[in-house]
Student: 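Before I ask anything, let me first share the structure, which is written out below as structure tokens.
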There are 2 protein chains.
Amino acid sequence: MTTPEREVPSEPVVDPTRDRAVYLQIADWLHDRIDNGAFGPGDALPSESKLMRQFGTARTTVRRALGALAHEGLVWSQRGRGVFVRDREPNDAVVRNPYERLRRHHRESGRSSLLVDAQSQGVEVVQELLALVEEPATSLVAHNLGLEEGQTVLARRRRMWFGEQPNQLDESYLPLEIAQGPLRDERPGEGGTHARIEELGHRLTRFTEEFSLRMPTPDEVHMLRLGDGVPVVDLLQVAYAVAADGNRAGREGERPVECFIAVLAGDKHRLEYRIDAE
Amino acid sequence: MTTPEREVPSEPVVDPTRDRAVYLQIADWLHDRIDNGAFGPGDALPSESKLMRQFGTARTTVRRALGALAHEGLVWSQRGRGVFVRDREPNDAVVRNPYERLRRHHRESGRSSLLVDAQSQGVEVVQELLALVEEPATSLVAHNLGLEEGQTVLARRRRMWFGEQPNQLDESYLPLEIAQGPLRDERPGEGGTHARIEELGHRLTRFTEEFSLRMPTPDEVHMLRLGDGVPVVDLLQVAYAVAADGNRAGREGERPVECFIAVLAGDKHRLEYRIDAE
DNA sequence: CAGTGGTCTAGACCACGAT
DNA sequence: TCGTGGTCTAGACCACTGA
């Protein structure tokens with residue numbers, strides 16, 4: 001999108017005297033061929049031995065070029081088959097739309113927030129419970145729930161599957177006063193955790209979401225089956241509520257009732273927000 | 001965050017017979033030492049030659065281990081000095097808060113949306129104009145502005161600097177009927193593009209934001225001075241407006257007036273949203 | 001100057017896929 | 001069986017940093 005002035009010879013040649021490393025020149029050449037559509041999504045790149053011959057370099061050099069493209073998320077490789085151009089327009093990406101998904105009528109209609117996003121796109125969602133334990137709050141969780149570090153909270157850890165793909169690792173933390181009844185069950189049930197919280201006499205008022213980006217840890221690569229060069233989103237969501245008994249309409253007495261932390265697979269999500277201009 | 005059961009010997013040993021590659025075992029060992037705090041942010045890792053001796057492997061193998069950590073964004077290296085643990089809690093990250101920044105009172109107080117985010121955090125923002133030209137709309141731009149592909153739009157491309165760091169590449173596209181007067185100037189002026197749009201008789205009603213993640217292209221790495229293992233956010237924002245002359249309060253006649261595309265440096269931003277529960 | 005990381009070579013053995 | 005990519009070795013030359 002920025003500086004497309006780079007000269008790209010269509011003949012595969014490299015110049016060892018340039019200040020750009022040879023393996024990067026090879027990577028640039030392949031990169032541009034992919035951008036130009038000479039190699040389209042799903043196509044195989046030339047094999048390593050072919051590239052060695054074409055560029056007259058050692059195999060290591062060719063492999064570093066291919067590695068650079070892989071780390072960029074442009075290609076993926078399979079032993080015994082070849083290196084292939086990745087499809088960068090993931091049709092199977094889930095559109096996460098918090099503005100819609102966190103609204104009351106969805107909870108009341110029995111759909112949890114994730115299901116709102118996924119079902120509207122015809123994706124089946126399955127939760128895999130990894131842990132449901134009481135444990136001391138980390139400083140991050142304590143801070144967001146207004147507790148002291150080390151106070152006991154109920155932690156629920158899950159891996160969410162969207163169809164055949166694990167797409168989200170999440171952790172829900174509830175203060176013990178909130179974590180009553182069905183909130184301690186293995187499955188939060190229709191409408192999700194938020195619906196159960198409201199049934200227990202809390203009226204949800206608002207949510208804050210904050211997120212940041214990073215590359216996954218090796219564990220996350222494994223758990224989310226991430227390809228090379230796929231980043232993740234660190235999502236931190238805090239839900240706030242007031243007591244529902246009094247019939248005040250305002251937000252006096254508002255307090256955090258859930259701290260929700262998730263790691264989203266970057267290639268399987270698209271996030272949408274709607275903001276009013278006033 | 002998921003499966004911390006892995007056994008980590010504190011003595012640096014690798015087992016070539018395991019199914020996990022030696023370089024990954026070395027990477028795991030270093031990774032855990034970093035997580036445990038044995039190597040803190042800014043600390044130097046053992047040098048390559050030291051790791052070669054400790055693990056009894058070739059230099060290439062050690063370098064691949066370090067490369068894996070670098071691609072994860074955990075460490076960075078400097079020739080002649082060493083490999084250092086990166087500070088993962090970027091104090092200099094700008095908190096982008098669209099919910100606040102797109103509100104009218106900020107425009108009326110003469111602050112553009114980016115400045116709202118940055119100035120509240122004491123960061124100086126400088127825009128570097130890369131291009132200001134009329135050009136045919138891409139299919140993406142045309143689709144979001146309700147135009148036909150190829151119709152002429154006014155494109156403004158910039159690189160934004162937050163302090164000493166380039167942190168955002170952006171492109172603003174305006175239909176020609178909107179792109180009048182000061183909107184064609186090099187600098188949009190106080191309150192930014194949105195303020196100018198409203199002064200021209202359009203009342204902004206809402207914005208949609210959508211974003212997705214990916215690894216940067218080599219160009220973006222250069223333009224944003226990105227370190228290894230730093231992802232970017234693709235942001236697509238569309239502003240909608242109605243004519244301000246009639247005194248209808250509703251949104252009849254609402255139309256898109258600006259398509260804004262940005263690439264944000266992933267390690268220099270944190271995004272925050274606030275969502276009401278109703 | 002010694003030590004560091006960056007690049008490149010020329011080979012080896014292996015696991016896997018297609019045939 | 002052959003071609004593919006995945007790992008590893010042992011060495012070389014270079015550019016840069018810091019004392």
Side-chain angles (χ1 to χ4, degrees), chain A residues 12-30 39 42-72 74-86 218 221-222 227-229, chain B residues 12-30 39 42-72 74-86 218 221-222 227-229:
Chain A
V13 285
V14 293
D15 177 2
T17 68
R18 277 182 54 198
D19 60 348
R20 190 153 178 86
V22 170
Y23 81 93
L24 289 174
Q25 294 182 48
I26 298 175
D28 288 343
W29 185 82
L30 290 167
F39 299 115
D43 289 354
L45 259 43
S47 73
E48 294 178 357
S49 49
K50 190 167 294 183
L51 291 170
M52 288 168 66
R53 287 193 298 275
Q54 289 188 354
F55 290 97
T57 61
R59 186 175 171 218
T60 310
T61 304
V62 164
R63 281 185 59 76
R64 290 182 69 185
L66 295 170
L69 299 181
H71 287 300
E72 206 181 316
L74 255 188
V75 303
W76 65 284
S77 55
Q78 189 176 349
R79 173 150 53 181
R81 292 222 305 140
V83 180
F84 303 90
V85 179
R86 228 194 241 157
V221 168
H222 175 249
D228 219 343
Chain B
V13 284
V14 292
D15 177 2
T17 68
R18 278 182 53 199
D19 60 348
R20 190 152 178 85
V22 171
Y23 81 93
L24 289 175
Q25 296 182 46
I26 298 175
D28 289 343
W29 185 82
L30 289 166
F39 299 115
D43 288 356
L45 260 44
S47 72
E48 295 177 357
S49 50
K50 191 168 294 181
L51 291 170
M52 288 167 65
R53 287 194 298 274
Q54 290 189 353
F55 290 97
T57 61
R59 186 175 168 216
T60 309
T61 304
V62 164
R63 281 185 60 76
R64 290 183 69 185
L66 294 170
L69 300 181
H71 287 300
E72 206 181 316
L74 253 189
V75 304
W76 65 282
S77 56
Q78 188 176 349
R79 173 150 53 181
R81 293 223 302 141
V83 180
F84 303 89
V85 180
R86 228 196 242 156
V221 167
H222 176 249
D228 219 344

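These numbers come from the heavy atoms of this one structure, side chains and all, not from hydrogens, waters or symmetry mates. Throughout, a chain's letter reflects where its sequence line sits, starting with A, and its residues are numbered from 1.
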Student: C:dG6 P sits how many Å from A:R18 CZ, rounded?
Tutor: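 Going from CZ in A:R18 over to P in C:dG6 covers 20 Å.
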
Student: Counting side-chain heavy atoms from CB outward, which of C:dT9, D:dC8, D:dG5 is closest to A:T57?
Tutor: C:dT9

Student: Are A:T60 and C:dT7 close enough that a side-chain N or O sits under 4.0 Å from OP1 or OP2?
Tutor: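 Checking A:T60 against C:dT7: no side-chain N or O falls below 4.0 Å of OP1 or OP2.
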
Student: How many Å lie between CZ on A:R64 and C1' on D:dG6, as a whole number?
Tutor: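 Result: 16 Å.
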
Student: A:Y23 side chain N/O closer than 4.0 Å to the phosphate oxygens (OP1, OP2) of C:dT7?
Tutor: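 Result: yes.
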
Student: Side chain of A:V83, heavy atoms from C-beta onward: which of D:dC8, D:dG5, C:dC8 has the nearest atom to it?
Tutor: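 My answer, after comparing the listed nucleotides, is D:dG5.
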
Student: Starting at CZ of B:F84 and ending at C1' of D:dC16, how long is that distance when rounded to a whole Å?
Tutor: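 It is 12 Å, rounded to the nearest whole Å.
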
Student: Closest nucleotide of DNA chain C for A:L24 versus for A:Q78: which of these residues is on the 5' side?
Tutor: A:L24

Student: Whole-Å distance between C:dT4 P and B:L45 CG?
Tutor: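 The distance from CG of B:L45 to P of C:dT4 comes to 13 Å, rounded to the nearest Å.
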
Student: Rounded to the nearest Å, what distance is computed from the CZ atom of residue B:R63 to the P atom of nucleotide D:dA12?
Tutor: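 In whole Å, D:dA12 P lies 17 Å from B:R63 CZ.
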
Student: Between A:S77 and D:dG5, does any side-chain N or O lie under 4.0 Å from OP1 or OP2?
Tutor: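 Answer no for this pair, as no side-chain N or O of A:S77 is under 4.0 Å from OP1 or OP2.
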
Student: What's the CE-P distance between B:M52 and D:dT9, to the nearest Å?
Tutor: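 It works out to 9 Å between those atoms.
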
Student: Quick one: is A:S49 getting a side-chain N or O under 4.0 Å of the D:dG3 phosphate, OP1 or OP2?
Tutor: no

Student: Is any side-chain heavy atom of B:R20 closer than 4.5 Å to one of A:P218?
Tutor: yes

Student: Are any non-hydrogen side-chain atoms of A:L30 and A:L66 less than 4.5 angstrom apart?
Tutor: yes

Student: Indicate whether OP1 or OP2 belonging to D:dG18 is found under 4.0 Å from a side-chain N or O atom of B:R81.
Tutor: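 Indeed, a polar side-chain atom of B:R81 lies that close.
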
Student: Any donor-acceptor pair under 3.5 Å between the side chain of B:R59 and the base of C:dG6?
Tutor: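 For B:R59, whose side chain was compared with the base of C:dG6, there is a donor-acceptor pair (under 3.5 Å).
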
Student: B:T61 side chain N/O closer than 4.0 Å to the phosphate oxygens (OP1, OP2) of D:dC8?
Tutor: no

Student: Between C:dT7 atom P and B:L66 atom CG, what is the distance in whole Å?
Tutor: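 Going from B:L66 (CG) to C:dT7 (P), I get 14 Å.
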
Student: Tell me: CD of A:E48 to P of D:dT4, nearest whole Å?
Tutor: 9 Å

Student: Would you say a side-chain N or O of A:R79 is under 4.0 Å from OP1 or OP2 of C:dG17?
Tutor: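 No.
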
Student: Nearest 0.5 Å, what's the CZ-CG distance between A:R86 and A:L69?
Tutor: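 Result: 11.5 Å between the selected atoms.
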
Student: Using heavy atoms to find the nearest nucleotide of DNA chain C for A:G56 and B:K50 separately, return the residue whose nucleotide is more 5′.
Tutor: B:K50

Student: Relative to the ring of A:W76, is the ring of A:F84 parallel (under 30°), tilted (30 to 60°) or perpendicular (over 60°)?
Tutor: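 Ring orientation, 0 to 90° scale: tilted.
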
Student: Distance check, rounded to the nearest 0.5 Å: A:R59 atom CZ versus A:L51 atom CG?
Tutor: 11.5 Å

